[in-house]
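Each remark here refers to the structure printed beneath this line.
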There are 2 protein chains.
Amino acid sequence: MTDDISGYTFGEESVPVSPIDMPAFNRLKQTVLFTEEDEEHLRMAGEVLDGQIDDVLDTWYEFIADHPHLIQYFSTPEGEPIEEYLDRVRQRFGQWIRDTCNPPYDEEWLNYQQEIALRHTHEKKNETDDVDSVDHIPYRYLSAFIYPITATMKPFLKNGKYSGDAVEKMHSAWFKAVVLQVTLWSEPYVKNGDF
Amino acid sequence: MTDDISGYTFGEESVPVSPIDMPAFNRLKQTVLFTEEDEEHLRMAGEVLDGQIDDVLDTWYEFIADHPHLIQYFSTPEGEPIEEYLDRVRQRFGQWIRDTCNPPYDEEWLNYQQEIALRHTHEKKNETDDVDSVDHIPYRYLSAFIYPITATMKPFLKNGKYSGDAVEKMHSAWFKAVVLQVTLWSEPYVKNGDF
Ligand code: HEM
Ligand code: HEM
C-alpha cells in the first residue's frame, strides 16, 4: 500500500543516515518521558485513527489554508496554491500518522526523520514533487505546529472504543511523539554543534 | 520583589532587542492559536499557581537531578553540580512562571525572551551567575522539555478553585505559552535566515 504513495521513501537507499545514534535517541526519549507504555498507547491510537485519517488531514489542511503565512509554503512564489503539491504531500502526511502510531522507532525510522526534516528546508523542499514553490519553511513554524498537531488530535482519539483515562494516555503518547519528531527535525536548521 | 532576584534583568537596558517584531510575533501567536481567551486563562493559572511555585520547581528540579544528561548543564565540566548556580537559576525560573502567567506579552517581554534564549547558549550561559559550568545547552533538550514543562503543570492547575473545563483551558493556554517561548528561544540556535 505504501508503494502507492508518491515520494514516500521510508527504508529506501536514498534516505540519509540520521545524525543521531541510538544512545542519543534514548536520552531524548527519556527527556520526553517516552516509555513502552507510550508505544502501546500509540498503537491503540493507530487503531482508533484508522478510518479517520482523512478527517484529521482535513482539519490540518483547513488550518493551513486559512492562514496566508502558512499556505504560502504550498504555493508558487507568486502566491498561487499548487493543488498537485498539496495532494501529494497529503498522502505522505497520512502515512506519517500511521508511522507515528507504529513504534518502536528503529534506525530506519530515525533516518526517515532526517529525510522529512530536510524536505522542509532549502536542501530538499520541492524536490520530491518537482514543484516550483517557496524553497524553505522557517523553523519557527515547525516548532509552533507542535501545538495544533497535538491539540487537534484529541477529539479524534475520543471517537474510538476507549474511555477517559485511555484517551488521555493515547493523547500524551501522541504529544510526546510529536515533540520527539519536531525536535529531531530541528537538526538541519540548527548551527553546527548546537543541536 | 523582583528586585531581589539575582540576575533577573527583565526590562533593563542590558537586554537585547528581539529579532522578532510585533507583526511576526502575531503570526506566531496565530500559529499556536493563542488568543485573548488564553491570556485570561493564563492569568487564572497565575492565581492558582501562586503559593505552589516552589512545589512546581521541586518537580522540575527533581526531574533534572535524576538525569545525568540534564544535570550536567548545572555542573562543573568535571560533573559536580553547582548548588549556588541551581539556587540562583531557581529564583529566576520561579519568576518566569509568574511572567508567563502575566500576559499580554509586550515588546519588553519579547526582548527578555531573547535574553533567556542566549543564556542557554555559548553566548551567555554562565555569565549571569559567574559560574564555571558547561557553556552550552544543546537545542534538542530545550525542544524536548516542551513535554515535561507542559505535562507536569496539570496537577498543580487542578489544585485551585476551578473545575474540569477551566482547568483544561488553563492547561491549553500554558501549553501554547510554552511552545511560543521555546520557539522564540530557538532563534539564536538556528542558522541565519532559517528561523
Ligand atoms: C509539527 C509540525 C509538522 C509536521 C508533523 C509535519 C509533517 C509533515 C510530513 C509528514 C511531511 C511529508 C514527509 C514525507 O515527504 O514523507 C511534510 C511535508 C511538508 N510539510 Fe510539514 N509538518 C510540520 C510542519 C510544517 C509547517 C509549519 C509547514 C508550513 C506550512 C509545513 C509544510 C510542509 C510542506 C510544504 C511539505 C512538503 C515538503 C516537500 O517539498 O517535500 N510543514 N510535513
Ligand atoms: C521548556 C524548556 C525550558 C524552560 C521553560 C526553561 C526555563 C528557564 C528559565 C526561565 C531560566 C532563567 C532565565 C533568566 O535568567 O531569567 C533558565 C535558565 C537556565 N536553564 Fe532553562 N529552560 C528550559 C530548558 C532547559 C534545559 C533542557 C536545560 C538543561 C538541563 C536548562 C538549563 C538551564 C540553565 C543551566 C540555566 C541557567 C543559564 C545561565 O547560565 O544563565 N534549561 N531556563
Side-chain angles (χ1 to χ4, degrees), chain A residues 19-20 23-34 38 63-64 66-70 120-123 136-152 154 168 171-195, chain B residues 19-20 23-34 38 63-64 66-70 120-123 136-152 154 168 171-195:
Chain A
I20 294 292
F25 182 50
N26 286 331
R27 286 191 294 275
L28 206 56
K29 285 199 282 191
Q30 284 176 27
T31 312
V32 302
L33 300 153
F34 191 86
D38 293 302
F63 178 69
I64 292 173
D66 277 353
H67 293 90
H69 74 275
L70 296 175
H120 287 87
T121 73
H122 304 288
E123 215 166 320
H136 181 76
I137 300 167
Y139 182 68
R140 72 184 78 173
Y141 295 130
L142 268 79
S143 175
F145 258 42
I146 290 172
Y147 181 81
I149 296 282
T150 299
T152 53
K154 186 83 157 272
E168 290 305 318
H171 193 235
S172 279
W174 177 262
F175 180 9
K176 294 176 191 185
V178 171
V179 171
L180 211 46
Q181 289 178 82
V182 175
T183 298
L184 292 170
W185 299 352
S186 72
E187 196 280 338
Y189 283 96
V190 169
K191 290 172 195 154
N192 272 347
D194 290 359
F195 168 75
Chain B
I20 293 292
F25 182 50
N26 286 331
R27 286 191 292 276
L28 205 57
K29 285 201 281 191
Q30 284 175 28
T31 313
V32 300
L33 300 153
F34 191 84
D38 292 303
F63 177 69
I64 292 173
D66 276 354
H67 292 91
H69 74 276
L70 296 174
H120 287 87
T121 73
H122 304 289
E123 215 167 318
H136 180 76
I137 300 167
Y139 183 69
R140 72 184 79 173
Y141 295 129
L142 269 80
S143 176
F145 258 42
I146 290 172
Y147 181 82
I149 295 282
T150 300
T152 53
K154 186 81 158 272
E168 290 304 318
H171 194 236
S172 279
W174 176 262
F175 180 9
K176 293 176 190 184
V178 172
V179 171
L180 211 46
Q181 289 179 81
V182 175
T183 299
L184 292 170
W185 300 352
S186 71
E187 197 280 340
Y189 283 96
V190 169
K191 290 171 196 154
N192 273 345
D194 289 359
F195 167 74

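Between A:H69 and B:R27 the shortest heavy-atom distance is NE2-O, 3.4 Å. Heavy atoms only, all atoms of each residue included: B:A144 and A:V32 are closest at O-CG1, 3.4 Å.
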* Please lay out, stage by stage, how B:F145 and A:V179 fare under the test side chain to side chain contact (heavy atoms under 4.5 Å, CB included). => CA-CA 9 Å; B:F145 258 42; A:V179 171; over 6 Å; no
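When heavy atoms are compared at a cutoff of 4.5 Å, A:I20 approaches chain B solely by way of its side chain, counted from C-beta outward. Residue A:F34 does not touch chain B at all, counting heavy-atom pairs closer than 4.5 Å.
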Pair up each side-chain donor or acceptor in residues 188-195 of chain B with any protein partner under 3.5 Å, not counting sequence neighbours, and list the distances.
{"unit_1": "B:Y189", "atom_1": "OH", "unit_2": "B:H120", "atom_2": "O", "d": "3.2"}
{"unit_1": "B:Y189", "atom_1": "OH", "unit_2": "B:I137", "atom_2": "O", "d": "2.7"}
{"unit_1": "B:K191", "atom_1": "NZ", "unit_2": "A:P188", "atom_2": "O", "d": "2.7"}
{"unit_1": "B:D194", "atom_1": "OD1", "unit_2": "A:H122", "atom_2": "NE2", "d": "3.0"}

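The line from CD1 of B:I146 to OG1 of A:T150 is 9.0 Å long, rounded to the nearest 0.5 Å. Atom-to-atom distance recorded for A:I64:CD1 and B:T31:OG1 is 10.5 Å, nearest 0.5 angstrom.
Legend: side chain to side chain donor-acceptor pair (under 3.5 Å) pairs involving residues 137-148 of chain A, not counting sequence neighbours, sorted by first then second residue: A:S143-B:T183.
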